[in-house]
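What follows is one structure encoded as structure tokens, with my remarks underneath.
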Amino acid sequence: NFIVSPPWEKVEETDKYIIWIEPNMAFGTGTHDTTQLCLRAIEKHFHPGQSLLDVGTGTGILAIGAARIKAAAGIRENYIRGCDTDIASIDIAKENAARNDVAEMMQLFVGSIDGETAPADFVSANLTIDVILPLLPLLIDKSKETLLMSGILCEQESQIVEALAENGFNQPEIERSGEWISVVIK
């Protein structure tokens, strides 16, 4: 139920959630398999009353998708946060949040998560396996209800499954698209 479009395109009237993204240097224009996997998982698992933390937010596309779900339900509180270690990505994410009329709903900051980061009901991390694995205990700790991870190649599935099992999660939900997977744990 998401349509991702550059701002210059005309999108017909629809009941779907439209996300306007300016394609530029940050990751997350909506065309990559991992972004699509994450948006599908957000549509399936994210509920309007939940808070969200998007680790490695890039263009802000996943956080904006969650904000669009909340706004459609009439909930405009700022319980959506996104972080990225790239300052340019945060600037782009802020521009995209404003373009989508959800800027007041979001808190975007430069950096990563640490022990002081406030937990969220739903945590998304569309990163790469070499970034996810060291952060995994922290990602699990910061996820009160749902953790969504992607940026993981199909051939790396056993690595993430084993790491999750070591942390007490034995049956993750795995979706595939092309050579990529998304992983959801509750």
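Hydrogens, waters and symmetry mates play no part in the numbers below; they use all other heavy atoms, side chains included.
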Taking a hydrophobic cluster as the set of Ile, Leu, Val, Met, Phe, Trp and Tyr residues connected by side-chain heavy atoms closer than 4.5 Å, whether directly or through intermediates, do [X] and [Y] fall within one such cluster?
X      : Y      : answer
Leu53  : Ile140 : yes
Ile61  : Val102 : yes
Val131 : Ile160 : yes
Ile80  : Val110 : yes
Val161 : Leu135 : yes

Can you tell me how far apart [atom1] ([X]) and [atom2] ([Y]) are? Round to the nearest 0.5 Å.
X      : Y      : atom1 : atom2 : result
Thr57  : Met106 : OG1   : CE    : 5.5 Å
Ile132 : Leu138 : CD1   : CG    : 13.0 Å
Leu148 : Cys38  : CG    : SG    : 4.0 Å
Glu157 : Ile181 : CD    : CD1   : 4.5 Å
Ile185 : Ser143 : CD1   : OG    : 6.5 Å
Leu153 : Arg176 : CG    : CZ    : 12.5 Å

Could you pull out all residues at least two apart from [X] that satisfy salt bridge (charged side-chain N to carboxylate O under 4.0 Å, His left out)?
X      : result
Lys44  : Glu173
Arg76  : Asp101, Glu104
Asp121 : Lys144

Side chain [X], main chain [Y], donor-acceptor under 3.5 Å:
X      : Y      : result
Lys142 : Gly115 : yes
Arg40  : Glu175 : no
Asn126 : Gly151 : yes
Asp130 : Leu133 : no
Asp86  : Ala88  : yes

Is there a side-chain contact between [X] and [Y] in this structure, where contact means two heavy atoms from C-beta onward sitting under 4.5 Å apart?
X      : Y      : answer
Ile92  : Glu22  : no
Leu108 : Asp91  : no
Val55  : Thr117 : no
Ile69  : Asn1   : no
Glu145 : His47  : no
Lys94  : Ile90  : yes
Tyr17  : Ile3   : no
Glu77  : Ile75  : yes

For side chain to side chain contact (heavy atoms under 4.5 Å, CB included), just list the numbers for Met149 and Leu164, CA-CA rounded to whole Å, side-chain angles, deciding distance to a tenth of an Å, and then say yes or no. CA-CA 11 Å; Met149 297 170 287; Leu164 286 169; 4.0 Å; yes
Nearest heavy-atom neighbours spanning [X] and [Y]:
X      : Y      : value
Ala63  : Leu52  : CA-CD2, 4.0 Å
Gly111 : Cys83  : O-CB, 3.5 Å
Gly58  : Asp84  : N-OD2, 2.8 Å
Ser51  : Ala120 : OG-CA, 3.4 Å
Gly56  : Leu127 : CA-CD2, 3.8 Å
Lys70  : Gly49  : NZ-C, 4.0 Å

Going by side-chain contact (heavy atoms from CB on, under 4.5 Å), Trp20 matches just one of Asn96, Val11, Ile64, Val4. Which one?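 In the set Asn96, Val11, Ile64, Val4, the residue that makes a side-chain contact (heavy atoms from CB on, under 4.5 Å) with Trp20 is Val11.
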If you count every heavy atom of other residues, nucleotides or ligands that lies below 6.0 Å from Gln171 atom CD, does the total exceed 12? no
For Phe46 and Phe122, take the angle between the two ring planes, folded into 0 to 90°, and tell me which bin it lands in: parallel under 30, tilted 30 to 60, perpendicular over 60. perpendicular
